[in-house]
> 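My structure is below; once you've seen it, I'll send some questions.
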Amino acid sequence: MLLTELLELPVLDAGGTRLGLVVDARFAVAPDSLEASLLGLLVGRRAHAAFLGYERKSENAPALIARYLRWHERGTFLVLLQDVRSIEPDGVRLDSTYRRYSPFLP
Amino acid sequence: MKGVLGLALGVLTAIGGFVDIGDLVTSSVVGSRFGLTLVWVIVVGVVGICVFAQMSGRVAAISGRATFEIIRERLGARVGFANLAASFLINLMTLTAEVGGIALSLQLATSIQPTFWIPVAAVAVWLVIWRVKFSLLENVTGLLGLALVVFAVAVFLLHPDWKALGGQLLLQSPSQGSETPATYWYFAVALFGSAMTPYEVFFFSSGAIEEHWTPKDLGQSRINVLIGFPLGGVLSIAISVTAAVVLLPQQIQVTSLSQVLLPVAQAGGTIAVIVALLGFVAATFGAALETTLSSGYSLAQYFGWPWGKFRPPAKAARFHLTMIIGLVIGAGVLLTGVDPVQITEYSVVFSAIALPLTYLPILIIANDHDYMGDQVNGRATNLVGLVFLGIITIASIAAIPLMIVSAAGS
Amino acid sequence: MTASLPDPPPVRGRVLDARLHLLDRQVLDLEGQPVTTVDDLELADLQHGERREAEPPTISALISGPILTTRLFGGRTPRTRLHRIAWDQVTEIDIVLTLGVPGDALEVTWFERWLAEHVIGRIPGGRHAPD
Amino acid sequence: MSVHPFPAWARRVIATAVVAGVCLGTAGCSPAYSPSGRLAQSASDASAQTQTAALTLRLAASQQLPSPATDTALSDVTDKLGQDDSSLTSADVSGRLDAARRRILDRLRVGEDLLVHARVLVGANAGAAETEAVARRLQATAKQLSTLGQQLQASG
């Protein structure tokens, strides 16, 4: 599968309620081999403004832009791969026991 | 001693390189129609270009990323592509205007038709890009462009009524004779666009990489920009003043390049005219080089192709092909007989429209520690940057409605 | 709201977001020459349907090519028209991605090489830098 | 997801239509597009060009403008006056405006004739007195054209 086939898919909970869109995919890169394995998906309200990443980074400047974009992207959260039940061409379904994590990058 | 020379050379180049066909035409048009009531826009525009040229140069020197790479990385493929399409077309328009400007300047010097000069100019621009080193082309056109100082000299030779001129500087009722407020603000946007044209930033940041800048070169670049650009802006203002002193009282609204020259002739006679024409050719030729290179830079940086004059052309084939195609299109458009002065007038307004999408990514990257380490923007720079982003956005939104209401300033 | 969410469990290695840190980035070759930009990423072991795999999916290749038109206008590009650069050729991930191979050895640079060979290189002076 | 009564493309079309409507509406009310506004514009353009010819002629006579620049400046004026001439000739107006159009065109053609004369004088390196006489007449024509333009603008 290509990354762009995953991005912008709707994300649904076990009951079929729409939670948002896949705005990005988080990977862990092994320090030596550089193998990049999928950790989870970032779910947000809108996909198209998320590339600036203010809601995931500690950058705070310029303050006005940072604050606006963070407000604009509020509600973005991370779900871990283990909480993803299925990925279909028309949407991503989560387990009933899924948990929301902070989208901030470590 | 070598350091001082290098410094002087950089500053002089920045002054001479600041003015292009857009500044020549727009400053003169505005001076001949509104006197000095719009000079404040040139001042604002110069401060803006100083802030963002400096910022893009700093980002390029520290992170090694030129402006269009950043635009794509920060705006994504889709919005970045929209920006590329708009910037590329506007740049092509400006390129066409500059090549047309060379042809018109050479016509003024020789009275041979521009249709003869257009292909000559396009081939000359290509040859210089193909074979001449980056630093050489920048320095020679910049230094020859200094001939435009003749406009500043002309201001004094005209013995204007300084008091009356000073009175015009203060922002007053925009209605000057038969001009409407819409026309006034339309030309304010045009003047702003001519001072802050995006190609200057593409060229400046890519030039930093062409010349392999390191953070150590930033001091020099800051001085070039902070002294050179304002002095270049003074030349723009001088052009405006000569038009305001000689042409405005006679109700001559500038519509051709030959009219820009008349006040210089009145002030300093034949010799001044010859010097001014040298300045015209150098300024338009230099800007034609910059816009041609910028067309290659923007496309290559978006798609990740190899680019730059420091590589042999065969090592940056698509970059060179883009520039050749750009020049062919520009010359082709001009040979249909369109008026380069009109292309210029539209290109500066469209530049103003495209400004926010170019300057926002620069401002954001200049704050990103991944790219800039601990050299991110300070608070003061961010404040000024944000203020300008606001001004740019307003100008960009207002441009089209003003263009329609004022019938493109007619 | 966001601030009140718990942090995810820590993992070994660097954590990055594909769109933020990989997509649309410049790719350089062994010698630092530009190769392409990252238009898309290929994910191995990730198929449509229920997730059963024990191992997490990994990035298997950088993709470049006319995928851009689909990212711009939607739709899908036939796989055969995509250029793959295997992920294990990536040697460094920074604000650019660096490969451990020369760019000329990669399929993605064929048009650049063809143009250099047949057009730009044939124009006098095209093969050496300006002096 | 909230449900919209129209699909996305329809909303886009509607938004574009509204923006275009507002633009055209303001343009319709703008004096720059009214028939009298356009006539006034042509008159003031022609005035500026005729005035330019007078200035160029004087600078050439006093040896302040080299001859290639003089030729170019005068030929630029000729081109622009020709454009004003053809747009006035083809202007579709009637009644009071048509009368104004004829008056402007009449003055403009006087200007064009003077310009031909001026170019001959420049080519022949004529004396200062002779050129000054033509320059004055060009200036007078420019003044008349400008007055005609202002009258049109004032009458709306």
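It should be emphasised that the depicted structure is a prediction, and the values quoted were computed from it without experimental measurement. Below, read A as the first sequence line, B as the second, and so on, with proteins coming before strands; counting in each chain starts at 1.
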> Taking B:Gln259 as the fixed residue, which of D:Leu55, D:Thr52, D:Thr56 is the one that meets the side chain to side chain contact (heavy atoms under 4.5 Å, CB included) rule?
D:Thr52
> Is it the side chain or the backbone of B:Val254 that comes within 4.5 Å of chain D heavy atoms, both, or neither?
neither
> Given that the side chain runs from C-beta out, which part of B:Leu104 has a heavy atom under 4.5 Å from chain D: side chain, backbone, both or neither?
neither
> Tell me whether D:Asp92 at atom CG has more than 12 heavy atoms from other residues, nucleotides or ligands lying less than 6.0 Å away.
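It does not: D:Asp92 CG has 12 such atoms or fewer within range.
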> OG1/B:Thr255 to CG/D:Asp45 distance, rounded to the nearest 0.5 angstrom?
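If we round to the nearest 0.5 Å, B:Thr255:OG1 and D:Asp45:CG are 7.0 Å apart.
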> Can you name the nearest heavy-atom pair linking B:Gln251 to D:Ser146, along with the distance?
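Shortest heavy-atom separation between B:Gln251 and D:Ser146 comes out as OE1-OG, 3.4 Å.
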> A quick test of your reading: do over 12 heavy atoms of other residues, nucleotides or ligands sit less than 6.0 Å from CZ of D:Arg109?
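Count over threshold, so yes.
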> Just so I understand: if I count every heavy-atom pair under 4.5 Å between each of B:Ile400, B:Val264, B:Leu262 and chain D, which residue has the most?
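Heavy-atom pairs under 4.5 Å are most numerous for B:Leu262.
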> Could you tell me which residues in residues 59-83 of chain D have at least one non-hydrogen atom under 4.5 Å from a non-hydrogen atom of chain B, sorted by residue number?
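Contacts with chain B: D:Leu59, D:Gln63, D:Gln64, D:Leu65, D:Pro66, D:Pro68, D:Ala69, D:Asp71, D:Thr72, D:Ala73, D:Ser75, D:Asp76, D:Lys80.
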> Would you say D:Gln51's side chain and B:Gln250's backbone share a donor-acceptor pair under 3.5 angstrom?
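Answer holds: yes.
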> Looking at D:Lys143, D:Gln49, D:Arg58, which makes the most heavy-atom pairs under 4.5 Å with chain B?
D:Gln49
> Counting only heavy atoms not in B:Leu335 (residues, nucleotides, ligands), do more than 12 fall under 6.0 Å from its CG?
yes
> D:Arg101: which residues meet the salt bridge (Lys or Arg N to Asp or Glu O under 4.0 Å) condition with it, sequence neighbours left out?
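If we apply the salt bridge (Lys or Arg N to Asp or Glu O under 4.0 Å) test to D:Arg101, skipping adjacent residues, the hits are D:Asp98.
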> Which region of B:Thr270, side chain (C-beta onward) or backbone (N, CA, C, O), has a non-hydrogen atom less than 4.5 Å from a non-hydrogen atom of chain D, or is it both or neither?
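For B:Thr270, backbone and side chain are both near chain D.
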> What part of B:Leu261 lies closer than 4.5 angstrom to a heavy atom of chain D: side chain, backbone, both or neither?
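Side chain only.
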